[in-house]
2 protein chains.
Amino acid sequence: MPRRSAIEVASSRAETLAAAVQLASVVGLEGLTIGRLADRLGMSKSGLVGRFGSKEQLQLATLEQAADIFRRTVYEPASAAPAGLARLNAICDAWVAYLARPPFLGGCFLTTAMVEFDARPGPVNNAVKKVMRRWLAVLEREASTAIDNGELPADTDPKDVAFTINALAVGTNCDFQLNRNPGSLQRARRAMTAVLGR
Amino acid sequence: MPRRSAIEVASSRAETLAAAVQLASVVGLEGLTIGRLADRLGMSKSGLVGRFGSKEQLQLATLEQAADIFRRTVYEPASAAPAGLARLNAICDAWVAYLARPPFLGGCFLTTAMVEFDARPGPVNNAVKKVMRRWLAVLEREASTAIDNGELPADTDPKDVAFTINALAVGTNCDFQLNRNPGSLQRARRAMTAVLGR
DNA sequence: CCTACCGATCGGTAGG
DNA sequence: CCTACCGATCGGTAGG
């Protein structure tokens with residue numbers, strides 16, 4: 001029996017993480033137990049521990065993977081739009097589309113992780129904070145550009161714009177996951193327009 | 001040994017629920033295990049099961065208790081203000097105060113419960129939906145009155161107002177619990193003012 | 001990567 | 001309300 005090549009190992013790690021993201025989006029990062037994930041992958045618990053080291057390491061890797069998907073889905077494609085207001089609107093559109101047809105079964109992974117770990121200091125809490133800071137920084141930078149472009153009033157606080165867009169996004173995700181009312185997405189988009197369109 | 005009087009039983013149930021709300025606000029409704037709560041109350045697991053019947057019944061009773069506290073803290077005192085815009089602003093003020101100095105250790109209980117149970121159909125999910133509907137109905141009714149009073153533009157959709165205020169509240173709670181930045185509360189209040197002040 | 005196993009905890013029952 | 005106990009699952013280790 002030859003040992004697995006580096007590529008096979010990497011792809012098996014990627015497959016493991018893909019399954020982990022799907023599972024955790026439904027049951028949360030705490031519900032992502034070694035036993036359940038091992039079962040779903042048809043492997044033993046100790047095999048999984050061997051790959052990640054501990055449940056916490058698995059949680060961190062899964063969160064990182066989910067953050068990558070969020071970035072690629074919500075705010076990276078928007079860089080095709082001109083910086084400033086147009087790009088902010090592209091981000092809001094992508095975000096609504098992301099929520100309407102989420103790449104994870106259980107809705108926005110980051111919102112769940114944020115709520116799960118907001119009161120539990122530790123590496124996962126720190127990682128969630130970092131992901132959220134990066135996302136808010138993107139919003140804030142585009143808001144700044146929009147102000148420089150004269151697309152938003154000169155006295156606008158870019159941090160206010162970023163904060164409000166994100167709060168609407170997170171709050172809407174919660175409402176939408178609970179009630180599954182597509183009208184919520186339209187309301188949210190209108191509210192974002194109001195923030196960007198004063 | 002005389003049996004406990006009805007009053008003693010009731011007060012002991014109330015004390016149990018008070019402890020349950022505090023515990024669940026930190027560890028979530030799923031983390032509210034029979035063993036942990038029994039430990040904290042200095043009683044046996046089976047004694048606790050005897051009081052509530054099952055973990056799910058305990059979760060339902062705890063949620064109801066938390067919803068009562070939310071109601072009494074956030075939107076009942078606002079009925080002292082005149083119906084319409086003034087009352088909406090009183091509710092927003094009370095909500096910011098509630099978040100700044102929450103009656104539960106772990107921040108807004110309802111947000112946590114909403115995220116925890118949004119993907120798990122069952123009695124707890126239904127109860128969370130009911131609580132949220134009641135809260136949104138309060139916001140919507142005051143928005144309608146504000147429109148009738150001419151305090152909001154005639155073409156305002158009261159459902160939009162209720163949705164947006166709630167989304168800001170939930171999203172802000174998540175951000176605030178994670179980052180503990182008091183400035184977030186001021187930003188949120190300003191965003192609510194913008195919704196109510198166009 | 002596996003089997004076999006560890007002590008802890010889960011929700012809950014039996015019996016009093 | 002208690003003690004004693006049930007089978008399942010938790011994160012993880014030992015040993016190969």
What about A:Ser46: does its side chain form a donor-acceptor pair under 3.5 Å with the base of C:dT3?
yes
Nearest-Å distance, [atom1] ([X]) to [atom2] ([N])?
{"X": "B:Phe52", "N": "C:dT13", "atom1": "CZ", "atom2": "P", "value": "16 Å"}
{"X": "A:Lys45", "N": "C:dC5", "atom1": "NZ", "atom2": "C1'", "value": "10 Å"}
{"X": "A:Leu37", "N": "D:dT9", "atom1": "CG", "atom2": "P", "value": "16 Å"}
{"X": "A:Glu56", "N": "D:dC10", "atom1": "CD", "atom2": "P", "value": "18 Å"}
{"X": "A:Ile34", "N": "D:dT9", "atom1": "CD1", "atom2": "P", "value": "15 Å"}
{"X": "A:Gln59", "N": "D:dC10", "atom1": "CD", "atom2": "P", "value": "13 Å"}
{"X": "A:Asp39", "N": "D:dG11", "atom1": "CG", "atom2": "P", "value": "13 Å"}
{"X": "A:Gln57", "N": "D:dG11", "atom1": "CD", "atom2": "P", "value": "14 Å"}

Please test A:Arg133 against A:Glu140 for salt bridge (Lys or Arg N to Asp or Glu O under 4.0 Å), starting from the C-alpha separation and ending with a verdict.
CA-CA 10 Å; A:Arg133 268 201 301 271; A:Glu140 187 182 335; over 6 Å; no
Filter on side-chain hydrogen bond (donor to acceptor under 3.5 Å, both in side chains), then keep only pairs touching residues 79-93 of chain A, sequence neighbours left out; what's left?
A:Arg87-A:Glu142, A:Asn89-A:Arg189, A:Asp93-A:Arg189
Using the rule ring pair (Phe, Tyr, Trp, His ring centres under 6.0 Å), only one of A:Phe176, A:Tyr75, A:Phe109, A:Phe70 pairs with A:Tyr98; which is it?
A:Phe70
Using both distances under 3.5 Å as the test, list the Watson-Crick or G-U wobble partner of C:dA4, or none.
D:dT13
Quick one: on DNA chain D, does B:Leu48 or A:Val49 contact a more 5' nucleotide (nearest heavy atom)?
B:Leu48
Taking 4.0 angstrom as the limit, do B:Asp68 and B:Arg71 come out as a salt bridge?
yes
Using only side-chain N and O atoms of A:Thr33, determine if any of them is under 4.0 Å from OP1 or OP2 of D:dC10.
yes
